[in-house]
There are 2 protein chains.
Amino acid sequence: MGSESAALDSAFMALADPVRRSIIARLSRGPATVNELAEPFEISKQAVSKHIQVLEQAELVTRSRDAQRRPVHLNPARLEALTAWIDQYRLVREGQFRSLDAVLRSQAADSSG
Amino acid sequence: MGSESAALDSAFMALADPVRRSIIARLSRGPATVNELAEPFEISKQAVSKHIQVLEQAELVTRSRDAQRRPVHLNPARLEALTAWIDQYRLVREGQFRSLDAVLRSQAADSSG
DNA sequence: TCCTTAAACAACCGATAGGTTGATAAACGA
DNA sequence: TCGTTTATCAACCTATCGGTTGTTTAAGGA
């Protein structure tokens with residue numbers, strides 16, 4: 001494990017934008033074309049198309065073909081990979097950090113193995 | 001809900017960097033100072049300090065005071081907020097998208113409520 | 001007081017993210 | 001074939017990111 005770092009980079013980066021998160025939310029209710037996805041936003045279609053490419057490179061969405069349309073749909077598996085990463089760390093007990101100063105002082109005082 | 005968009009922006013952005021994720025991983029095992037956190041990396045201490053500031057602004061970590069040291073520790077609550085966001089969408093059934101073309105064609109053909 | 005340690009501040013730099021406009025490609029419909 | 005729709009490609013611009021080096025602040029210790 002650990003070599004999927006670039007995949008996590010691109011996936012978290014992809015979610016770090018409100019437009020792209022909004023697209024994810026929309027796609028959770030079913031697939032949509034670029035035009036449909038662009039409609040709620042005030043930015044250009046090209047900009048939305050770029051956002052979709054970012055999501056696609058992060059493998060958070062996939063695309064198919066329907067005549068001229070390039071419908072986009074969600075890839076829930078990638079989202080699960082992100083929660084899996086986060087869950088490693090969010091389960092840490094708060095109590096572990098209860099007396100922080102004590103921990104630090106013992107590190108400074110005790111230099112033996 | 002939905003007005004915490006900026007918080008999600010900064011939190012996901014913060015996780016979109018391998019150094020910062022590594023810092024999170026390290027902190028899950030206990031608090032650490034900037035120097036301790038910087039040690040595993042080849043980049044400068046200032047660079048690590050900036051990374052920590054990014055994590056702090058995203059409220060993924062907090063800091064305290066211990067003499068000259070500014071120990072950093074994890075804020076698991078923020079991580080939970082991220083999984084909460086993702087979980088809204090990752091639970092979508094794959095079957096919903098089974099016959100994609102049919103869905104799209106019915107949208108085009110059927111314009112009544 | 002003077003020196004050391006821990007860490008932040010500041011200015012700067014190259015790369016890239018997010019946006020724009022304009023042009024192009026691909027597939028259908030008459 | 002010609003026009004329309006759908007969407008991408010290409011070039012460009014500005015702001016921000018991740019890194020650097022140098023300076024400064026804060027807190028102890030001799």
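Order of the sequence lines sets the chain letters (A, B, ...), proteins ahead of strands, with each chain counted from 1. What you see is a predicted model, and the numbers here were worked out from it, not measured in a lab.
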Donor-acceptor list for residues 38-48 of chain B side chains, cut-off 3.5 Å, not counting sequence neighbours:
residue	atom	partner	partner atom	Å
B:S44	OG	B:A47	N	3.2
B:K45	NZ	B:N35	OD1	2.7

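- Between B:Q68 and D:dT25 there is no side-chain polar atom (N or O) within less than 4.0 angstrom of OP1 or OP2.
- For D:dT8, one of the phosphate oxygens OP1 or OP2 lies less than 4.0 angstrom from a side-chain nitrogen or oxygen of A:R63.
- To the nearest angstrom, C1' of D:dA27 lies 11 Å from CG of B:D66.
- Between its opening and closing five pairs, the helix from C:dT1-D:dA30 to C:dA30-D:dT1 changes axis direction by 10°, a value rounded to 10 degrees.
- Per the geometry, CZ belonging to A:R65 stands 12 Å off C1' belonging to D:dT5, to the nearest Å.
- One interatomic measurement links the two molecules: CZ of B:R69 to C1' of D:dA26, which rounds to 13 Å at whole-angstrom precision.
- Atom-to-atom, CD of A:E36 to P of D:dT5 comes out at 16 Å; the value is rounded to the nearest Å.
- Here the side chain of B:R21 pairs a donor or acceptor atom with the backbone of B:L15 at under 3.5 angstrom.
- Residue A:Q53 contributes atom CD, which lies 13 Å from atom P of D:dA7 at whole-angstrom precision.
- When all heavy atoms of B:A32 and B:R26 are compared, the pair lying nearest together is CB-NH2, 4.4 Å.
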Could you pull out the protein-nucleic contacts involving nucleotides 16-21 of chain D (nitrogen or oxygen on both sides, under 3.5 Å)?
residue	atom	partner	partner atom	Å
D:dG18	OP1	B:R20	NH2	3.0
D:dG18	OP2	B:R20	NH1	3.0
D:dG19	OP2	B:H51	NE2	2.2
D:dG19	N7	B:K50	NZ	3.2
D:dG19	O6	B:K50	NZ	2.1
D:dT20	OP2	B:S44	N	2.9
D:dT20	OP2	B:S44	OG	2.8

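- Applying side-chain contact (heavy atoms from CB on, under 4.5 Å) to A:L55 and the options A:L74, A:T62, A:I24 leaves one that passes, A:I24.
- Here the CG-CG distance, from A:D87 to B:L82, works out to 11.0 Å after rounding to the nearest 0.5 Å.
- Contacts classified as ring pair (Phe, Tyr, Trp, His ring centres under 6.0 Å) and involving residues 6-35 of chain A (residues at least two apart or in different chains) are given here: A:F12-A:W85.
- The minimum heavy-atom distance linking A:L60 with A:A11 is given by the pair CD1-O, 3.8 Å.
- Rounded to whole Å, the distance from CZ on A:R21 to P on C:dG18 is 12 Å.
- Following rounding to the nearest Å, B:F12 (CZ) and C:dA17 (C1') show an atom-to-atom distance of 18 Å.
- Side chain of B:N35, nearest nucleotide from C:dA6, D:dA7, D:dG28: C:dA6.
- Other members of the hydrophobic cluster containing A:M13, listed by chain and number, are B:M13; membership follows side-chain contacts under 4.5 Å among ILVMFWY residues, whether direct or relayed.
- If you take CG of A:L55 and C1' of C:dG18, they are 13 Å apart, rounded to a whole angstrom.
- Listed by chain and number, the hydrophobic cluster partners of B:V54 come to none, as no ILVMFWY side chain reaches under 4.5 Å of it.
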